[in-house]
Asker: 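Quick one: the structure is below, questions incoming.
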Amino acid sequence: MSRFFASGDTESSASESDQEEKKELAARSAPRFLNRLDSDEEDERRVVKSKAQKYSEAVQEFAKNIRTKINIKDWSAVEDLFSSLVKHVAKERRTETPGNSFFKCFVGLETAVEEAWATRKTLNKNAAQALNKLRPNLKKMKGDFKSGALEAYVANPVESADEAEAGKKDGKGGDDDSASSASETESEDEDDKKKKKKTAAAPAAAAKPAKEAKEAKADEEGGAGEEDDDDSDYWKQDDDSSSSSSESEREGGRTGYTAADFLKKPASSNEEKEREDRRRERRLQRMKENLAKEAEAVQAQDGEEEFQLQSRAGAKKEKPLFAKDEEVTEKAVLGKLLDILSNRGKKGSSPAEMQSRLARLRKEADAKSLGTALSLKLLLHIVAAHFDDPHSIASFMKAAQWHAAHDDIMELLVLLEQNKAVTISPGINEDEENLSDPSKPLHVFGTVVTYVERLDDEYIKALQNIDPHTTEYVERLKDETVMYNIICLCQQYLTRVANHEDLCRVMMRRVEHIYYKRSYVGTPIRHRPLVENDDKELKELPVDPTKPYMCVINDKEEADIPSMMSRLCKTLYGPGSPDRIRTRAMLCHIYNYALLDQWFTARDLMLMSHLQENIAHSDVLTQILYNRTMVQLGLCAFRSGKIYDAHCALHDIWAGSKVKELLAQGIVSQRFQQEKTQEEIKKEKLRQTPFHMYINLEMIECVYYTCSMLLEIPNLAKGAESKYRVISKPFRRQLDYFCRQTFNGPPENTRDHIMAAA
């Protein structure tokens with residue numbers, strides 16, 4: 001009979017058998033460890049927690065995190081955690097008291113805040129701000145609690161009834177069934193423990209002596225096997241005990257291994273303490289052995305040679321420049337000088353190391369009395385090494401480096417003043433030098449003016465880069481008189497040797513230091529400049545008393561600045577001066593006349609020189625000086641009542657939108673101009689005027705708009721003719737904008753005042 005004609009009972013039984021086969025296939029295809037994990041999860045007991053217990057645990061977790069952040073002084077995180085805790089408490093307990101767990105956290109936090117408040121100046125900016133916000137919030141919240149709740153806890157800091165009850169319920173199940181199942185599992189665990197003790201007692205007793213012998217051997221070996229011992233202690237299980245545990249598990253009905261069998265079992269507190277004690281003993285033993293070895297080595301070294309202290313970095317001992325039996329002569333010193341200079345600029349060579357070697361060579365040459373000319377030659381190379389630092393090209397010399405270079409140049413000029421028979425000239429070759437023959441003039445190849453100019457450039461570069469609103473700028477500004485003194489000393493030397501070209505260069509430097517001043521500051525004093533130490537604090541830079549110093553400034557002559565400027569510029573106007581120096585000297589002279597309100601003299605000198613016709617062909621620095629001179633000339637005309645002349649002088653500068661760039665008094669933002677390359681930005685920074693030489697831009701604006709108002713208002717009163725005759729377009733544009741406004745508020749700046757007056 002066909003199976004299609006079977007009864008309904010047979011069909012249902014067949015479908016059931018098919019379902020059983022599918023379940024068996026799914027169970028076989030599933031990984032074995034998943035089956036083990038499912039069985040483990042079924043064995044775990046389900047713990048039911050009350051609402052009060054959950055609340056208490058959450059508050060304790062917040063308190064733990066707050067304590068951790070307090071220990072690392074992260075008050076920003078403390079403020080965030082405490083605000084989250086307050087929100088949680090407000091959400092969980094809207095009408096009830098926060099509870100003693102919250103009060104405990106609150107009191108601890110309040111105590112920590114008061115302790116940190118005493119040392120708030122040592123915190124960083126963010127931490128101090130967070131502490132300033134947290135402290136008043138705590139005081140405000142303290143008054144918001146229900147009357148007597150916080151005081152009651154402070155008087156009797158114990159857990160509340162709900163928290164105590166929640167703590168009691170922590171170890172119990174949710175119902176009676178779970179309790180009964182727990183008792184059954186506990187009885188089964190006790191039986192398993194008894195079996196394990198019986199099976200593991202004998203092997204453990206046998207393994208104990210071998211284990212103690214192994215530990216004693218490891219202690220004798222020292223720290224060599226420290227890591228192995230730690231691992232063996234941590235994984236402290238015997239083979240027999242593991243086999244017994246596996247047998248007991250098999251007896252319990254489990255035939256395989258679970259994930260828990262392969263986990264690292266934590267050691268007890270006693271075992272951890274014993275292991276830490278053994279580690280500490282081994283470390284102490286090794287330290288004692290090392291100290292004993294070092295003491296023996298020091299005693300052996302003291303017996304052979306003198307003991308020398310060295311830095312922790314292991315500073316190298318300087319090698320002597322000459323051998324013990326070598327005679328130090330002029331030829332030997334020059335040969336050693338060539339060896340030192342051959343490494344100049346090479347990779348790995350240090351300018352500081354070169355300076356040190358040159359200073360030692362000069363000291364040995366002076367000790368053998370080889371002559372002043374040779375000493376000056378070595379000193380010239382020492383000065384040149386000061387400016388070999390590659391970092392000074394992009395940035396500027398620090399105060400300590402600048403003063404060291406200044407002292408060496410000062411010593412050079414003082415030696416030239418004391419030994420007038422020796423001259424330094426770049427017009428001779430090194431082969432033509434005469435360093436020791438007294439029958440001929442003593443000549444040394446080199447130049448002094450170049451180093452003086454380089455020192456002045458580094459000083460100006462420092463003023464350009466230092467923030468003018470700090471005390472460091474004021475301290476560096478005190479060095480201007482020191483720099484001016486060394487320029488005057490160099491001028492005195494060049495006047496004696498009659499080098500007109502170099503003399504013009506030095507005199508131009510002197511003019512640039514006094515042309516913008518109304519009066520003389522005073523005689524330079526050998527002060528102690530302030531520099532920053534490693535802790536970013538200002539300290540005094542020590543002045544070497546062995547370095548010679550000479551002051552050649554005459555206060556009476558310097559007090560009369562117009563006479564001094566006329567005397568210096570008269571020499572620079574001579575036929576032997578370069579064109580650039582002559583042009584810059586004339587501009588500085590006009591600037592000084594305008595600054596001292598000598599309008600007619602300054603105007604006549606500007607018109608007779610015809611500088612405005614050829615200034616476009618000059619270099620950028622000279623053009624900047626010309627712009628500054630024209631602005632000062634316009635201000636002088638305004639002070640003298642020459643309104644039209646003042647407007648004409650200021651119009652070319654202020655009519656455009658690049659006043660700062662034209663006067664070199666700041667760099668315009670990239671948003672308002674075309675993009676510039678890094679090289680162009682770097683060159684523009686090097687052309688900036690130091691802050692103490694700035695001309696007030698607000699004053700220029702006030703004078704220009706005032707002159708425009710006085711000229712344009714009568715022009716506008718003429719009527720239709722004024723539309724075609726515009727004197728000042730910037731003023732007309734601002735005035736039209738002001739008149740189109742429906743409502744004009746009170747004036748806020750100088751331009752608004754002038755427009756309101758117009």
Asker: Is there side-chain contact between Phe82 and Phe106, with heavy atoms separated by less than 4.5 Å?
Answerer: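 Yes; the side chains approach each other to less than 4.5 Å.
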Asker: Are any non-hydrogen side-chain atoms of Tyr473 and Asp467 less than 4.5 angstrom apart?
Answerer: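 With C-beta onward as the side chain, the pair stays apart.
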Asker: Compute the centroid of each ring, for Phe691 and then for Tyr694, and state whether the two points are separated by less than 6.0 Å.
Answerer: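 Yes, the ring of Phe691 comes within the 6.0 Å limit of the ring of Tyr694, centre to centre.
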Asker: With rounding to the nearest 0.5 angstrom, report the OG1 to NZ distance, Thr122 to Lys73.
Answerer: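 Rounded to the nearest 0.5 Å, the OG1-NZ separation comes to 5.5 Å.
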Asker: Using a 6.0 Å cut-off, check whether atom CD of Glu680 has over 12 heavy atoms from anything other than its own residue.
Answerer: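 Enclosed: over 12 neighbouring heavy atoms sit under 6.0 Å from CD of Glu680.
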Asker: How far apart are the C-alpha atoms of Leu463 and Phe396, what are their side-chain angles, what is the distance that settles it, and do they pass the side-chain contact (heavy atoms from CB on, under 4.5 Å) test?
Answerer: CA-CA 9 Å; Leu463 295 178; Phe396 62 96; over 6 Å; no
Asker: When you measure from the side chain of Thr68 to the backbone of Lys64, do you find a donor-acceptor pair of N or O atoms at a distance under 3.5 Å?
Answerer: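 Yes: the side chain of Thr68 pairs with the backbone of Lys64.
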Asker: With the side chain counted from C-beta on, respond yes when Gln285 and Glu281 share a heavy-atom pair under 4.5 Å apart, and no when they do not.
Answerer: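 Of all side-chain heavy-atom pairs linking Glu281 with Gln285, none is under 4.5 Å.
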Asker: Less than 4.5 Å apart, side chain to side chain, heavy atoms only: is that true for Val78 and Leu131?
Answerer: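 Side-chain contact under 4.5 Å: no.
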Asker: Against the six-membered ring of Trp402, is Arg476 placed for a cation-pi contact (under 6.0 Å from the centre, within 45° of the normal)?
Answerer: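 Yes, Arg476 lies over the aromatic ring of Trp402.
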Asker: Any donor-acceptor pair under 3.5 Å linking the side chain of Gln665 with the backbone of Glu661?
Answerer: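 Not confirmed, Gln665 side chain does not pair with Glu661 backbone.
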Asker: Does a side-chain heavy-atom distance below 4.5 Å link Cys105 with Phe62?
Answerer: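 Counting from C-beta outward, Cys105 and Phe62 never come under 4.5 Å.
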Asker: Heavy-atom distance under 4.5 Å between the side chains of Glu79 and Lys133, does that happen here?
Answerer: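 Yes - at least one pair of side-chain heavy atoms lies under 4.5 Å apart.
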Asker: Using modelled atom types only, decide if a donor and an acceptor are shared between the side chain of Asn71 and the backbone of Arg67 within a distance under 3.5 Å.
Answerer: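 At least one qualifying donor-acceptor pair exists.
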Asker: How close do Arg280 and Asp277 get, heavy atom to heavy atom, and via which atoms?
Answerer: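 For Arg280 versus Asp277, the nearest heavy atoms are NH1-OD1, 3.0 Å.
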Asker: Before giving the answer on side-chain contact (heavy atoms from CB on, under 4.5 Å), spell out for Val89 and Tyr55 the whole-Å C-alpha distance, their side-chain angles and the decisive distance to 0.1 Å.
Answerer: CA-CA 8 Å; Val89 171; Tyr55 171 78; 3.5 Å; yes
Asker: Are a donor atom and an acceptor atom from the side chains of Glu475 and Thr471 found within less than 3.5 Å of each other?
Answerer: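 On atom types as modelled, these side chains do not qualify, holding no pair under 3.5 Å.
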Asker: Between the side chain of Glu110 and the main-chain N/O of Leu138, is any donor-acceptor distance below 3.5 Å?
Answerer: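 Checked: no pair found.
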